[in-house]
Amino acid sequence: MTYVAAADRYDRMAYNRCGRSGLKLPALSLGLWHNFGHDRPFDTARAISRRAFDLGITHFDLANNYGPPYGSAEENFGRLFAQDLVPYRDEVVISTKAG
């Protein structure tokens, strides 16, 4: 079944301008440290991500050591992004870091 984001997702969240860039970030972001590694069911990560996006969370935070094992949160998010969020690519902010 193809995921369709909630039409009212931008009515549910406050957004703040990021510097002078014009980029607006949601008041809350979703950190993918726990519940997104290979030790959890992929469908759980998918359900959390979809619900967050439907509530207006457009910023997803990752790191190369999120998992377990390390890197698996990025792998799983890449998979669910390709399957669910790619039609909304211009609405999503993905941040990552090494460490």
Side-chain angles (χ1 to χ4, degrees):
M1 176 181 231
T2 302
Y3 168 69
V4 177
D8 64 345
R9 65 191 174 275
Y10 291 106
D11 299 335
R12 300 173 178 224
M13 178 63 61
Y15 296 87
N16 301 298
R17 187 171 304 280
C18 183
R20 295 184 183 137
S21 68
L23 176 66
K24 289 186 177 181
L25 294 173
L28 297 172
S29 65
L30 180 61
L32 307 181
W33 185 13
H34 293 290
N35 298 315
F36 286 82
H38 292 326
D39 64 331
R40 305 291 175 128
F42 179 75
D43 286 340
T44 300
R46 170 179 258 167
I48 292 169
S49 300
R50 285 178 172 185
R51 182 69 177 142
F53 193 70
D54 285 342
L55 292 172
I57 295 174
T58 57
H59 176 225
F60 297 89
D61 175 61
L62 291 153
N64 70 333
N65 62 346
Y66 289 1
Y70 291 154
S72 61
E74 288 181 323
E75 287 176 21
N76 287 335
F77 185 75
R79 203 168 124 209
L80 73 87
F81 181 84
Q83 293 175 9
D84 295 339
L85 297 176
V86 80
Y88 308 101
R89 176 59 189 110
D90 61 338
E91 302 175 40
V92 175
V93 176
I94 302 168
S95 61
T96 192
K97 55 212 164 282

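As the structure is a computational prediction, the values presented were derived from the model and not from experiment. One-based numbering along the sequence shown. For the numbers below, each heavy atom of this structure counts, side chains included, while hydrogens, waters and symmetry mates do not.
Residues Lys97 and Tyr66 have side chains in contact (heavy-atom distance under 4.5 Å, counting atoms from C-beta outward). With contacts defined as side-chain heavy-atom distances shorter than 4.5 Å, the pair Leu85/Leu80 qualifies.
Residues that satisfy the ring pair (Phe, Tyr, Trp, His ring centres under 6.0 Å) test with Phe36, not counting sequence neighbours, are absent from this structure. Tyr88 meets the ring pair (Phe, Tyr, Trp, His ring centres under 6.0 Å) test with Phe53; sequence neighbours excluded.
The SG atom of Cys18 sits 9.0 Å away from the NE2 atom of His59 when rounded to the nearest 0.5 Å. To the nearest 0.5 Å, the span separating OG1 on Thr58 from CD on Glu91 amounts to 8.0 Å.
No path of Ile, Leu, Val, Met, Phe, Trp and Tyr side chains, each step under 4.5 Å between heavy atoms, connects Leu55 with Leu30, placing them in separate hydrophobic clusters. Both Phe77 and Phe42 belong to a common hydrophobic cluster when Ile, Leu, Val, Met, Phe, Trp and Tyr are linked at side-chain heavy-atom distances under 4.5 angstrom. A chain of hydrophobic side-chain contacts below 4.5 Å, direct or via other Ile, Leu, Val, Met, Phe, Trp or Tyr residues, connects Ile48 to Leu28. Placement of Tyr15 and Leu23 in two distinct hydrophobic clusters is found when ILVMFWY residues are connected by side-chain heavy-atom separations under 4.5 Å, directly or transitively.
Side-chain atoms of Ser72 come within 3.5 Å of backbone atoms of His38 as a donor-acceptor pair (strictly under, hydrogens ignored). Between the Arg89 side chain and the Val92 main chain, a donor and an acceptor come within less than 3.5 Å of each other.
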Give the intermediate values and the outcome of side-chain contact (heavy atoms from CB on, under 4.5 Å) for residues Val86 and Phe81. CA-CA 6 Å; Val86 80; Phe81 181 84; 4.0 Å; yes
Walk me through it: do Arg12 and Asp54 pass the test salt bridge (Lys or Arg N to Asp or Glu O under 4.0 Å)? CA-CA 9 Å; Arg12 300 173 178 224; Asp54 285 342; over 6 Å; no
Residue pair Arg46, Arg50: steps toward the side-chain contact (heavy atoms from CB on, under 4.5 Å) verdict: CA-CA 6 Å; Arg46 170 179 258 167; Arg50 285 178 172 185; 3.6 Å; yes
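The environment of Tyr70 atom OH is sparse: at most 12 non-hydrogen atoms of other residues, nucleotides or ligands sit within 6.0 angstrom.
When all heavy atoms of Gly56 and Met13 are compared, the closest pair comes out as O-CG, 3.6 Å. Shown here for Ser95 and Asp61, the closest heavy-atom pair between the two residues is OG-OD1, 3.2 Å. Of all heavy-atom pairs between Asn64 and Glu74, the closest is CA-OE1, 3.5 Å. In plain terms, the two heavy atoms of Ala5 and Arg9 that are nearest each other are CB-NH1, 3.5 Å.
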